[in-house]
Amino acid sequence: MNLTKGPSNQTCAPHCIRRPTTVIRCLSGTHELTSLSSSFNGMASLYVSPHPDDFRSLMALVAAEFCPSRPCTLIEDPPASLALCSRPSLVLGSGGGEVLSGASAVAWYLASQGKRIGSNAKQESQVWQWLSFADNELTPVSCAVVFPLLGVMGVDKKLQQSSHAEMMRVLNVLDKNLEPRTFLVGDSLTLADIAVATAALLPFKYALEPSNRKALTNVTRWFLTCVNQPQFVKVLGQISLCEKMVPVTPKPSVAIVPAANANPTADANAANGKPKTEAQLKKEAKNREKLEKFQKKKEMEEKKKQEKKLAPPTEKKAKPEKKDLGVISYDIPTPPGEKKDVLSALPDSYSPQYVEAAWYSWWEKQGYFKPEYGRKSISEPNPRGVFMMCIPPPNVTGSLHLGHALTNAIQDCLTRWHRMRGETTLWNPGCDHAGIATQVVVEKKLMRERGMSRHDLGRDQFIQEVWKWKNEKGDRIYHQLKKLGSSLDWDRACFTMDPKLSYAVQEAFIRLHEDGVIYRSKRLVNWSCTLNSAISDIEVDKKELTGRTLLPVPGYKDKVEFGVLVSFSYKIEGSDEEVIVATTRIETMLGDSAVAVHPADPRYQHLKGKMVLHPFCDRKMPIVFDEFVDVNFGTGAVKITPAHDHNDYEVGNRHNLAFINILDENGLLINVPAPFLGMKRFEARKAVLQALKDRGQFKETKDNPMVVPVCSRSKDIVEPLLKPQWYVDCADMGKQAADSVREGRLKIIPDHHHKTWFNWLDNIRDWCISRQLWWGHRIPAYFVTVTDPSVKPGEDMDGHYWVSGRTEEAARDKAAKRFNVSTDKITLRQDEDVLDTWFSSGIFPFSIFGWPNETQDLSVFYPGSLLETGHDILFFWVARMVMMGLKLTGKLPFKEVYLHAVVRDAHGRKMSKSLGNVIDPLDVITGISLEGLYAQLQDSNLDPVEVEKAKQGQKSDYPTGIPECGTDALRFALCAYTSQGRDINMDVNRILGYRHFCNKLWNAVKFAMRTLGDNFVPSEKAQLCGEESVSDRWILSRLCSAVGQCNAGFQAYDFPAITTAIYNFWLYELCDVYLESVKPVFSRAEEDSGSRSQAVVCRQTLFTCLETGLRLLAPIMPFVGEELYQRLPRRRSQDGHPSIHVTPYPETEEFCWHSEDVDRQMEFVMTVVRTIRSLRADYNLTKTRADCYLQCIDSETMSLVEQYSLQIQTLSLSQTIQPVPATGAVPEGCAVAIASDRCTVHLMLKGLIDLEKEVAKLTVKKGELEKQMDKLREKMDKSDYKEKVPVKVQELDADKLRQSQTELEKATEAIDNFKRMVGRVTTFLYHLGVAALNTSHRYMIQSMLCIPLLIGWSRQPLCFSFLSIHQPSYSPQGAVNSEYGRGVQ
């Protein structure tokens, strides 16, 4: 890359500079990045190529789209004065300022402006590494493949084929890197993705056919995700992927820049009234001509397409494309609740629709989900114990997302596991009334459909509308839970507004109020002016700003400015002095009542006892000294607004300041002087600022990073507001809850949450439980007015004038007794507010069982066993349940708390409807098109602007929609993702992989059922008979290991350990090894009586693995587990278990055959097998079976190889396996690889490959490796390499050099080996006496001797016959007996 300084052509040192930041700094001795930024912000010009396939210019253009202010894009030639030698080039500043030249330098600079080069130094190095990959690895092979197709260079088919293979190799490297990731670096799109995606444009457009793309699943997914980002679309438009790699007509050089920037210089001249130059006019005419030609060509192509469509079809049929797993539905009529048909044959492949049909309603009708199943009474003692867990009640407002799906997948797995262990098991469902969320939904619906507000209807009618909506829409969540397979006891389902739970809520409030735990107070709350209600902390989103930002606010036409710090002064009374203070909310200065400074600040010691004057009223405000002030921030003086800031509130209390409330519930200004009175709060912001300027007391405005509190429901800016509310005194309850964990009575898993638990509870603040809503539990508290002259009137703030009661009559009696008057002198006014939703949720674990009444369910199931939920509601719900349970019942509500990670999207973002990343689990289960996702947004309550934003998010993440994955695959993926202590970035595309795992299970069971046969009868119980083969003993040992790992995983809540154990057992051990190794046993069983008896043992082993393996996975994959289990024969001991979900879970006491010795032996065997397979792959022996000699270091290894020879032969696809002692001779002509320190593999290649061709191929590879290494050494030997190249890149270069050296040594060794073989064949011919034959005959004989095994040694007689013709005295037997004959043989 070249760097130029202005028109004077002062150029930096031309040596290679590795980091663009270094490049930017060497523009001159003093220039830094900031100076370039200021230039860029002034005027910048980006010169690019007009060719639509110039990927280097495209990279710069896409990077420019991320810039806060885009440079002007020019396709004309740059001025000669700039001396630019390449495009893209970036001129910073007007008048020919600093210049960046070269795609990488330009793109890095532009991406850095848009913060797309990584969030830290490590990520920056990774981005630079991927830039290098795009330049040095992907671009050369892409051009070598595509340029001949575009007519840029001549076509050499052989070269093009080898280039295509190399390109696939490079893309495979990329594919492996992308397997666990959505983007290349970090969790968001960076310059790494821009560079590699633009470098991959040519292959995807012209060279990668559908079959290639199918082999590159992760690359294709990532590429489509990138090019569907709005910034890519703006530059590239819609990309058409290659269908067939064929030469294409070169496209004319049409401008690739967005239309808005097509010729900004000309537009600017026109706008300024300047005449266009002759050169500009010629350029425009030329461009128009090119564009017209291009348009004509497109019209002709379109015309041909239409003619082709109308033409009669030809007889030649296109090859049918290979289809993905198809959709098979279950069509046998089965009434709901009846058992599914399991007698008909299984479909050819797994299909979620088929498998998941009919089972759930049968499970439910049979009562499998109820704790009463299999026992007379729930009170009946169960030696296995009781397991009870209540569901975290989801909001009634709508649908579940993947976060809820994770919660329910984990809880259902645990529930099914405990149930299969024989415990009395209850998982209790329920639903939360979601006060604010539900009221907002119904209010929007009313306004949308009838143009009415809730106030138009009145409270009672509005509540009826909410109940109507709940009865119509509120069961969607339960439907989703059933589709997820959740084994909940639906007869015990609860809704927090049901009479039973409402009674419990009322009783809890009254008891706590009578105990003095609930009290009334006027304090600061989080206030939403749009909702006219206080909201909880969990409903406040913290929006981080880096500086000045304009945000939309409900009720305001224009966006409002945030992220600025305004400084102004207060005059000191009786002095010319002033104190400068600063604020991010300038309008709140109208409510200031003091200025605070630090007691130790020497600058303000002389102001003790002084007052400052408010500029807009006659208020005098004291200067107070308080240690909360940061001496080093700003001027060290802080304005104090006690009624509108949480910190100032505390200062106001400490110094007994005036609390001046300047906002009403709607956000209008009150208690302020004209002209501000009645203004909207953010309009007053502008007015106050202007008034300060007019008075000369405004000082400055500057950017200020800050956090803005936003209401998650209404998107309004949250205001701290003084309101009289009901509070719960949490001091004592918080201490009890904290002590329960400290003393070990309550266990929180994982324990790293202890610190957070103690920090919150040890510093707990009282809990505001009032909400200014209509939907919810109305507070059973009444304000008392006494019509008796002896009793003075009370104030709202005075708790003495508030009574609580179960009925109004009970409250009246209580008030009369308190004030010692008759009931007729008491007037009551019930509080209009409702209780915080978390209040009813806090008593959920015992209110669902009828508390305060003593019920059978309460005595059996309370306290519960476990509370499982996300760690994000540890305080809002978990802590409050513990506090309320201890206070109201004297017991902990559960013994353990397991906190799972929070599910985020593939980019690490929190699930949010406005981002379009909230995914309905049902859409993952059944699949949905992109259009279907769009339709859901239209039916939502999002604003039109948010709908468009969400659409862009969906198009970016799911360009082709979401594929059908099925319930079992979704559950398995969620559990596999769950690891304690970190959030989950859930990529929906990866869930599809577990559907393929289901298909593998399906095929394995189908194969096994055919192998078992119709007359197979399993033994009465799983046990060893003593006649098991080494394969049988090994797979049973692995089964026992899986049983142990699964049970340990469930006990430790280690779900990835469970899924890994199941996945490895089924896929890598049962399917890949055992089933393959026993196939010869079954194939020989019909011919050999010994094999027949061995096959009987194999069948019993196979059945044990299938039946036990299905029971292991049943809690996680309930549908496919049941479907396949029902097809298997039953052991006599299990005839009484109609469903897999009431069959005992496998335990280590029964499956106790784990043998570390057998596992160790088989691990050695598999190492040998993998080594043989690797050698076969190296020499492309895909269908050819070769003899294999295993040279063993000792007799023990020899014995082991002999014992497992059949398994090694079968699994490695070898012709024979021959153990060879350490001192034994191995025949010549073998490829060699070390399997372990005990065994070396010799694979016979002689006669299987074309030796000379292999030598030629390896020689070319050796030459390429040597060139690569020379280039790499040259780069690393440069004097400035260690100083200028990042350490990470240096490490990668060193690794690459070591790897190339290893490959070179292998290639050299292989060449020498092959040459020795060729030499021996030639010598063999000489000894046969045919050296004098003509060249063609010698070549023919040599080819026969080296012919591949597909023709094989069956051709030897032909070879020897040929020799006999030319040498009548030749004896084939003699040749075989000779040294060289033995070598060839």
Side-chain angles (χ1 to χ4, degrees), residues 436 455 521-537 539-543 551-562 564 566 568 581-594 614-617 619 621 638-653 657-692 706-725 768 770-773 796-797 832-833:
I436 292 177
H455 301 285
S521 178
K522 188 175 185 179
R523 298 182 182 181
L524 283 179
V525 296
N526 297 319
W527 188 263
S528 167
C529 298
T530 301
L531 297 176
N532 281 150
S533 175
I535 58 176
S536 68
D537 289 342
E539 288 155 335
V540 179
D541 294 334
K542 306 290 194 298
K543 189 173 184 66
L551 298 177
V553 180
Y556 291 83
K557 182 180 178 183
D558 298 325
K559 290 184 177 181
V560 179
E561 181 184 62
F562 293 90
V564 294
V566 179
F568 67 98
V581 295
T583 178
T584 57
R585 300 157 65 213
I586 189 64
E587 70 279 6
T588 62
M589 64 85 62
L590 296 169
D592 283 358
S593 59
H614 199 286
F616 303 128
C617 59
R619 189 183 311 150
M621 304 180 295
V638 181
K639 62 185 282 299
I640 302 298
T641 319
H644 294 286
D645 182 274
H646 291 286
N647 290 325
D648 295 1
Y649 178 85
E650 302 296 337
V651 176
N653 280 329
L657 300 175
F659 285 70
I660 304 167
N661 182 24
I662 63 165
L663 285 178
D664 70 4
E665 294 178 350
N666 298 305
L668 302 178
L669 265 61
I670 56 174
N671 302 321
V672 296
F676 311 113
L677 187 64
M679 277 188 180
K680 295 167 77 172
R681 55 188 161 147
F682 295 125
E683 289 175 357
R685 176 170 291 188
K686 296 177 183 177
V688 169
L689 186 61
Q690 186 58 48
L692 285 169
M706 65 180 292
V707 175
V708 176
V710 179
C711 173
S712 63
R713 305 295 180 187
S714 64
K715 307 306 176 190
D716 196 2
I717 306 300
V718 174
E719 295 287 348
L721 198 64
L722 275 176
K723 296 288 291 183
Q725 309 275 275
C768 173
S770 295
R771 294 294 178 268
Q772 290 65 44
L773 303 170
D796 184 276
M797 285 298 303
E832 294 286 329
D833 294 349

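None of the values given here were measured: they were computed from a predicted structure.
In this model, no donor atom of one side chain and acceptor atom of the other lie less than 3.5 Å apart for E665 and N532. Between R585 and T583, the side chains place no donor N or O within less than 3.5 Å of an acceptor N or O (distance only, hydrogens not considered). Between the side chains of S528 and S714, at least one donor-acceptor pair of N or O atoms lies under 3.5 Å.
A distance-only check finds a donor-acceptor pair linking the side chain of K680 to the backbone of G555 [under 3.5 Å]. One N or O on the side chain of H644 and one on the backbone of I662 form a donor-acceptor pair closer than 3.5 Å. Using modelled atom types, one side-chain atom of D645 and one backbone atom of N647 make a donor-acceptor pair closer than 3.5 Å. Listed for the N666 side chain is no donor-acceptor partner under 3.5 Å among the backbone atoms of L668. A side-chain donor-acceptor contact under 3.5 Å links D716 to the backbone of T530. Side-chain N or O atoms of E539 include one that pairs as donor or acceptor with a backbone N or O of S536 at under 3.5 Å. When atom types are taken as modelled, the side chain of S533 and the backbone of Q772 share a donor-acceptor pair closer than 3.5 angstrom. With hydrogens and angles disregarded, no donor-acceptor distance shorter than 3.5 Å links the side chain of N526 to the backbone of A534. Distance alone, capped at 3.5 Å, places no donor-acceptor pair between the Y649 side chain and the R523 backbone.
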- Message: Walk me through whether T584 and V564 qualify under side chain to side chain contact (heavy atoms under 4.5 Å, CB included).
- Response: CA-CA 6 Å; T584 57; V564 294; over 6 Å; no
- Query: Which is it for L773 and D833 under the side chain to side chain contact (heavy atoms under 4.5 Å, CB included) test, yes or no, and what are the steps along the way?
  - Reply: CA-CA 6 Å; L773 303 170; D833 294 349; over 6 Å; no
- Item | side chain to side chain contact (heavy atoms under 4.5 Å, CB included) between V710 and V540, intermediate numbers included | CA-CA 6 Å; V710 179; V540 179; over 6 Å; no
- Going through the checks in order, is the side chain to side chain contact (heavy atoms under 4.5 Å, CB included) test met by Q725 and K522? CA-CA 6 Å; Q725 309 275 275; K522 188 175 185 179; over 6 Å; no
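In terms of heavy atoms, P642 sits closest to G591 at CD-O, 4.4 Å. Nearest heavy-atom pair across P720 and L524 is C-CD2, 3.9 Å. Across all non-hydrogen atoms, the minimal contact from M679 to A684 is SD-CA, 3.7 Å. Pairing each heavy atom of V707 with each of P709, the nearest pair is O-CD, 3.8 Å.
Looking at residues two or more places apart in sequence or on another chain, you find a side chain to side chain donor-acceptor pair (under 3.5 Å) between D592 and Y570, K639, T641. With sequence neighbours excluded, the residues that form a side chain to side chain donor-acceptor pair (under 3.5 Å) with R685 are E587.
Atoms CZ and CG, on R681 and D664 in that order, are 10.0 Å from each other to the nearest 0.5 Å. How far CG of N661 is from NZ of K723: 8.5 Å, rounded to the nearest 0.5 Å. Remark: C711 SG to D541 CG distance equals 8.0 Å, nearest 0.5 Å. Between L663 atom CG and C529 atom SG the span is 6.5 Å, to the nearest 0.5 Å.
A heavy-atom distance below 4.5 Å is found between the side chains of F562 and V553. Between F616 and L692 there is a side-chain heavy-atom pair separated by less than 4.5 Å. Looking at M589 and P615, their side chains come closer than 4.5 Å, going by heavy atoms from C-beta outward. A heavy-atom distance below 4.5 Å is not found between the side chains of K542 and D537. Between V688 and F676, the closest side-chain pair of non-hydrogen atoms falls below 4.5 Å. With contacts defined as side-chain heavy-atom distances shorter than 4.5 Å, the pair V672/L677 qualifies. Using a 4.5 Å heavy-atom cutoff, the side chains of L657 and I640 are in contact. In this structure, F682 and K559 have side chains that are not in contact, with every pair of non-hydrogen atoms separated by 4.5 Å or more.
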